[in-house]
Amino acid sequence: YNLSINKNFDYMIVQPYNLDLYNEYKKKKICYLSVWEFDWSDEELTNLWLEDSKIWINEEWWSIIIDMNNQKWLKYIIKKEKELKKLWCNWLFLDTIWNDWQEKWWIKIVKTLRKNWDNAYIIVNNPHNIKLEIANYIDWVMFENFWDIWTKQNTTDSEWYLNLSKEYKEIYIENGKIVLALSYWDPS
(Lines give C-alpha, C1' and ligand atoms only; values in the text may rest on other atoms or scores of the structure.)
Protein backbone atom coordinates (compact mmCIF):
# COMPACT_ATOMS: atom_id res chain seq x y z
CA TYR A 1 0.00 0.00 0.00
CA ASN A 2 1.42 3.39 -0.97
CA LEU A 3 0.49 5.97 1.67
CA SER A 4 2.13 8.79 -0.29
CA ILE A 5 -0.98 8.89 -2.48
CA ASN A 6 -3.07 9.79 0.56
CA LYS A 7 -0.83 12.32 2.36
CA ASN A 8 -2.97 15.19 1.10
CA PHE A 9 -6.20 13.84 2.59
CA ASP A 10 -7.43 16.01 5.47
CA TYR A 11 -8.97 13.02 7.24
CA MET A 12 -8.41 9.28 7.19
CA ILE A 13 -10.48 6.55 8.81
CA VAL A 14 -8.08 3.79 9.76
CA GLN A 15 -8.64 0.24 10.94
CA PRO A 16 -6.65 -0.41 14.16
CA TYR A 17 -4.72 -3.28 12.59
CA ASN A 18 -3.38 -0.85 9.95
CA LEU A 19 -2.07 1.78 12.35
CA ASP A 20 1.57 1.18 11.48
CA LEU A 21 0.90 2.10 7.86
CA TYR A 22 -0.12 5.60 8.93
CA ASN A 23 2.73 6.66 11.23
CA GLU A 24 3.82 9.25 8.66
CA TYR A 25 0.34 10.71 8.28
CA LYS A 26 0.12 13.94 10.34
CA LYS A 27 -3.43 15.16 9.71
CA LYS A 28 -6.68 14.00 11.36
CA LYS A 29 -6.49 10.30 12.13
CA ILE A 30 -9.88 8.76 12.72
CA CYS A 31 -9.80 5.34 14.35
CA TYR A 32 -12.42 2.84 13.31
CA LEU A 33 -14.43 0.97 15.95
CA SER A 34 -17.02 -1.57 14.91
CA VAL A 35 -19.57 -1.62 17.70
CA TRP A 36 -22.23 -3.93 16.27
CA GLU A 37 -20.16 -6.29 14.19
CA PHE A 38 -17.18 -8.41 15.12
CA ASP A 39 -14.83 -8.75 12.17
CA TRP A 40 -12.94 -11.82 13.28
CA SER A 41 -13.85 -15.47 13.65
CA ASP A 42 -16.13 -17.41 15.96
CA GLU A 43 -12.98 -18.88 17.46
CA GLU A 44 -11.61 -15.42 18.26
CA LEU A 45 -14.95 -14.42 19.79
CA THR A 46 -14.73 -17.51 22.00
CA ASN A 47 -11.12 -16.73 22.93
CA LEU A 48 -12.33 -13.35 24.19
CA TRP A 49 -15.10 -15.05 26.21
CA LEU A 50 -17.69 -13.21 24.12
CA GLU A 51 -19.38 -16.11 22.33
CA ASP A 52 -22.68 -15.44 24.15
CA SER A 53 -22.84 -12.00 22.52
CA LYS A 54 -23.21 -13.47 19.01
CA ILE A 55 -26.63 -13.14 17.34
CA TRP A 56 -25.98 -14.15 13.71
CA ILE A 57 -23.57 -13.89 10.79
CA ASN A 58 -23.72 -11.00 8.32
CA GLU A 59 -22.82 -12.87 5.15
CA GLU A 60 -22.66 -9.70 3.04
CA TRP A 61 -19.72 -8.30 5.07
CA TRP A 62 -18.41 -11.57 6.59
CA SER A 63 -18.87 -10.45 10.17
CA ILE A 64 -20.57 -11.57 13.36
CA ILE A 65 -23.55 -9.50 14.52
CA ILE A 66 -23.50 -8.73 18.23
CA ASP A 67 -26.15 -8.33 20.91
CA MET A 68 -25.57 -4.77 22.10
CA ASN A 69 -27.25 -5.52 25.43
CA ASN A 70 -24.53 -8.00 26.36
CA GLN A 71 -22.57 -6.44 29.24
CA LYS A 72 -19.37 -8.33 28.39
CA TRP A 73 -19.56 -6.86 24.89
CA LEU A 74 -20.02 -3.34 26.26
CA LYS A 75 -16.93 -3.80 28.46
CA TYR A 76 -15.04 -5.08 25.42
CA ILE A 77 -16.04 -2.01 23.35
CA ILE A 78 -14.97 0.36 26.13
CA LYS A 79 -11.66 -1.49 26.44
CA LYS A 80 -11.11 -1.24 22.67
CA GLU A 81 -11.91 2.46 22.52
CA LYS A 82 -9.51 3.13 25.40
CA GLU A 83 -6.80 1.27 23.48
CA LEU A 84 -7.50 3.45 20.44
CA LYS A 85 -7.38 6.61 22.51
CA LYS A 86 -3.93 5.66 23.83
CA LEU A 87 -2.63 5.37 20.30
CA TRP A 88 -2.69 8.48 18.14
CA CYS A 89 -6.36 8.80 17.25
CA ASN A 90 -7.72 12.33 16.97
CA TRP A 91 -11.26 11.13 16.31
CA LEU A 92 -13.39 8.03 16.68
CA PHE A 93 -15.56 6.47 13.94
CA LEU A 94 -18.35 4.16 15.18
CA ASP A 95 -19.47 1.84 12.45
CA THR A 96 -23.04 0.93 11.64
CA ILE A 97 -25.25 1.84 14.55
CA TRP A 98 -28.40 0.89 12.75
CA ASN A 99 -30.69 -1.73 14.13
CA ASP A 100 -34.31 -1.22 15.12
CA TRP A 101 -34.48 -3.52 18.12
CA GLN A 102 -31.20 -2.46 19.76
CA GLU A 103 -31.68 1.30 19.66
CA LYS A 104 -31.55 1.99 23.42
CA TRP A 105 -28.22 0.13 23.66
CA TRP A 106 -26.79 2.17 20.79
CA ILE A 107 -27.76 5.37 22.60
CA LYS A 108 -26.09 4.10 25.77
CA ILE A 109 -22.88 3.24 23.93
CA VAL A 110 -22.72 6.59 22.12
CA LYS A 111 -23.25 8.48 25.40
CA THR A 112 -20.63 6.36 27.18
CA LEU A 113 -18.06 6.88 24.43
CA ARG A 114 -18.80 10.62 24.34
CA LYS A 115 -17.81 10.86 28.03
CA ASN A 116 -14.54 9.10 27.25
CA TRP A 117 -13.86 11.20 24.12
CA ASP A 118 -14.93 14.60 25.39
CA ASN A 119 -12.19 16.48 23.52
CA ALA A 120 -12.31 14.50 20.29
CA TYR A 121 -14.72 14.21 17.43
CA ILE A 122 -17.05 11.24 17.18
CA ILE A 123 -18.47 10.20 13.84
CA VAL A 124 -21.25 7.61 13.65
CA ASN A 125 -22.38 5.56 10.70
CA ASN A 126 -26.08 5.16 9.87
CA PRO A 127 -27.79 6.28 13.08
CA HIS A 128 -31.06 6.44 11.16
CA ASN A 129 -33.49 5.50 13.92
CA ILE A 130 -31.66 7.27 16.77
CA LYS A 131 -30.36 10.30 14.89
CA LEU A 132 -32.27 12.76 17.08
CA GLU A 133 -31.43 11.04 20.39
CA ILE A 134 -27.68 11.10 19.76
CA ALA A 135 -27.38 14.42 17.92
CA ASN A 136 -25.88 16.21 20.95
CA TYR A 137 -23.32 13.47 21.56
CA ILE A 138 -21.72 13.24 18.12
CA ASP A 139 -19.91 15.63 15.82
CA TRP A 140 -20.32 14.16 12.36
CA VAL A 141 -22.51 11.48 10.84
CA MET A 142 -22.09 9.21 7.85
CA PHE A 143 -25.01 8.11 5.71
CA GLU A 144 -23.66 4.88 4.25
CA ASN A 145 -25.15 3.40 1.12
CA PHE A 146 -26.51 6.81 0.23
CA TRP A 147 -28.60 6.38 -2.89
CA ASP A 148 -26.11 4.54 -5.02
CA ILE A 149 -26.37 2.76 -8.34
CA TRP A 150 -26.99 -0.64 -6.72
CA THR A 151 -29.70 0.76 -4.44
CA LYS A 152 -31.48 2.51 -7.30
CA GLN A 153 -31.55 -0.72 -9.28
CA ASN A 154 -32.54 -3.02 -6.43
CA THR A 155 -34.97 -1.15 -4.21
CA THR A 156 -38.12 0.90 -4.29
CA ASP A 157 -37.13 2.90 -1.21
CA SER A 158 -36.67 6.24 -2.96
CA GLU A 159 -39.25 7.96 -0.74
CA TRP A 160 -37.53 6.59 2.38
CA TYR A 161 -34.16 7.93 1.19
CA LEU A 162 -35.56 11.35 0.39
CA ASN A 163 -37.35 11.66 3.74
CA LEU A 164 -34.34 10.43 5.67
CA SER A 165 -32.06 12.84 3.83
CA LYS A 166 -34.36 15.72 4.75
CA GLU A 167 -34.28 14.64 8.42
CA TYR A 168 -30.47 14.48 8.36
CA LYS A 169 -30.39 18.00 6.95
CA GLU A 170 -32.72 19.35 9.62
CA ILE A 171 -31.11 17.56 12.58
CA TYR A 172 -27.45 17.81 11.63
CA ILE A 173 -26.58 20.18 8.79
CA GLU A 174 -28.83 23.01 9.93
CA ASN A 175 -27.19 22.71 13.38
CA GLY A 176 -23.66 23.04 12.01
CA LYS A 177 -22.73 19.36 11.90
CA ILE A 178 -21.23 17.54 8.96
CA VAL A 179 -23.05 14.74 7.13
CA LEU A 180 -20.92 12.48 4.99
CA ALA A 181 -22.49 10.34 2.28
CA LEU A 182 -20.93 7.05 1.25
CA SER A 183 -22.15 5.21 -1.81
CA TYR A 184 -21.31 1.89 -3.46
CA TRP A 185 -21.44 0.94 -7.09
CA ASP A 186 -22.09 -2.71 -6.19
CA PRO A 187 -21.89 -4.03 -2.59
CA SER A 188 -20.48 -7.37 -3.77
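- Here the side chains of Ile109 and Leu74 are in contact, with some heavy-atom distance below 4.5 Å.
- Between the CZ atom of Phe38 and the CD1 atom of Ile77 there is a distance of 9.5 Å, given to the nearest 0.5 Å.
- Checking side-chain atoms of Asn126 against main-chain N and O of Phe143 turns up no donor-acceptor pair under 3.5 Å.
- A donor-acceptor distance shorter than 3.5 angstrom exists from the side chain of Lys131 to the backbone of His128, with no hydrogens or angles considered.
- Under the 4.5 Å side-chain criterion, counting only non-hydrogen atoms from C-beta, Ile123 is not in contact with Leu94.
- The nearest pair of heavy atoms linking Tyr172 to Pro127 is OH-CG, 4.2 Å.
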Test Trp36 against Asp95 for side-chain contact (heavy atoms from CB on, under 4.5 Å), laying out the working first.
CA-CA 7 Å; Trp36 184 48; Asp95 195 16; over 6 Å; no
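- Annotation for Val141 and Tyr168: closest pair CG2-CE2, 3.6 Å, computed over non-hydrogen atoms.
- Trp49 and Met68 fall into different hydrophobic clusters, where Ile, Leu, Val, Met, Phe, Trp and Tyr are joined by side-chain heavy atoms under 4.5 Å apart, directly or via other members.
- Between Leu33 atom CG and Ile78 atom CD1 the span is 10.5 Å, to the nearest 0.5 Å.
- Using a 4.5 Å cut-off on side-chain heavy atoms (C-beta onward), Asn125 and Phe93 make contact.
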When you look at Tyr11 and Trp91, which way does the side-chain contact (heavy atoms from CB on, under 4.5 Å) test go after all the steps?
CA-CA 10 Å; Tyr11 311 95; Trp91 296 9; 3.2 Å; yes
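- Using a cutoff of 4.0 Å between basic side-chain nitrogens and carboxylate oxygens, Asp139 and Lys177 are not scored as salt-bridged.
- In plain terms, the two heavy atoms of Ile122 and Tyr137 that are nearest each other are CD1-O, 4.3 Å.
- Minimum heavy-atom separation, Glu37 to Asn58: OE2-ND2, 2.9 Å.
- Between Asn116 and Glu81 there is a side-chain heavy-atom pair separated by less than 4.5 Å.
- Ile65 places none of its side-chain heavy atoms less than 4.5 Å from the side chain of Ile57.
- Sorted by first and then second residue, the disulfide (SG to SG under 2.5 Å) pairs involving residues 20-80 (not counting sequence neighbours) are Cys31-Cys89.
- Using the six-membered ring where Trp is involved, Tyr121 and Trp140 have ring planes that are perpendicular, over 60° apart on the 30 and 60° scheme.
- Side chains of Ile134 and Trp106 form no contact here, defined as non-hydrogen atoms less than 4.5 Å apart.
- The nearest pair of heavy atoms linking Ala120 to Asn90 is CB-O, 3.1 Å.
- Glu59 CD: 12 or fewer foreign heavy atoms inside a 6.0 Å radius.
- Glu83 and Lys80 are joined by a salt bridge, as a carboxylate oxygen and a charged side-chain nitrogen come within less than 4.0 angstrom of each other.
- Enclosure of atom NZ in Lys72 by more than 12 non-hydrogen atoms of other residues, nucleotides or ligands within 6.0 angstrom is indicated.
- Residues Asn175 and Ile171 come closest through the heavy atom pair ND2-O, 2.8 Å.
- Under a 3.5 Å cut-off, the side chain of Glu103 and the backbone N or O of Ile130 do not form any donor-acceptor pair.
- For the atom pair Leu50 CG and Asp42 CG, the distance stands at 12.0 Å (nearest 0.5 Å).
- Distance check, rounded to the nearest 0.5 Å: NZ of Lys166 to CD1 of Ile173 gives 13.5 Å.
- How far CG of Asn70 is from CD of Glu51: 9.5 Å, rounded to the nearest 0.5 Å.
- Gln102 contributes a side-chain N or O that, together with a main-chain N or O of Ile66, makes up a donor-acceptor pair within less than 3.5 Å.
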I would like to know whether Glu174 and Lys169 meet side-chain contact (heavy atoms from CB on, under 4.5 Å); could you show each step before the answer?
CA-CA 6 Å; Glu174 290 177 4; Lys169 181 179 178 189; 3.8 Å; yes
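- Atoms CD1 and CG, from Ile30 and Leu84 in turn, are 12.5 Å apart once rounded to the nearest 0.5 Å.
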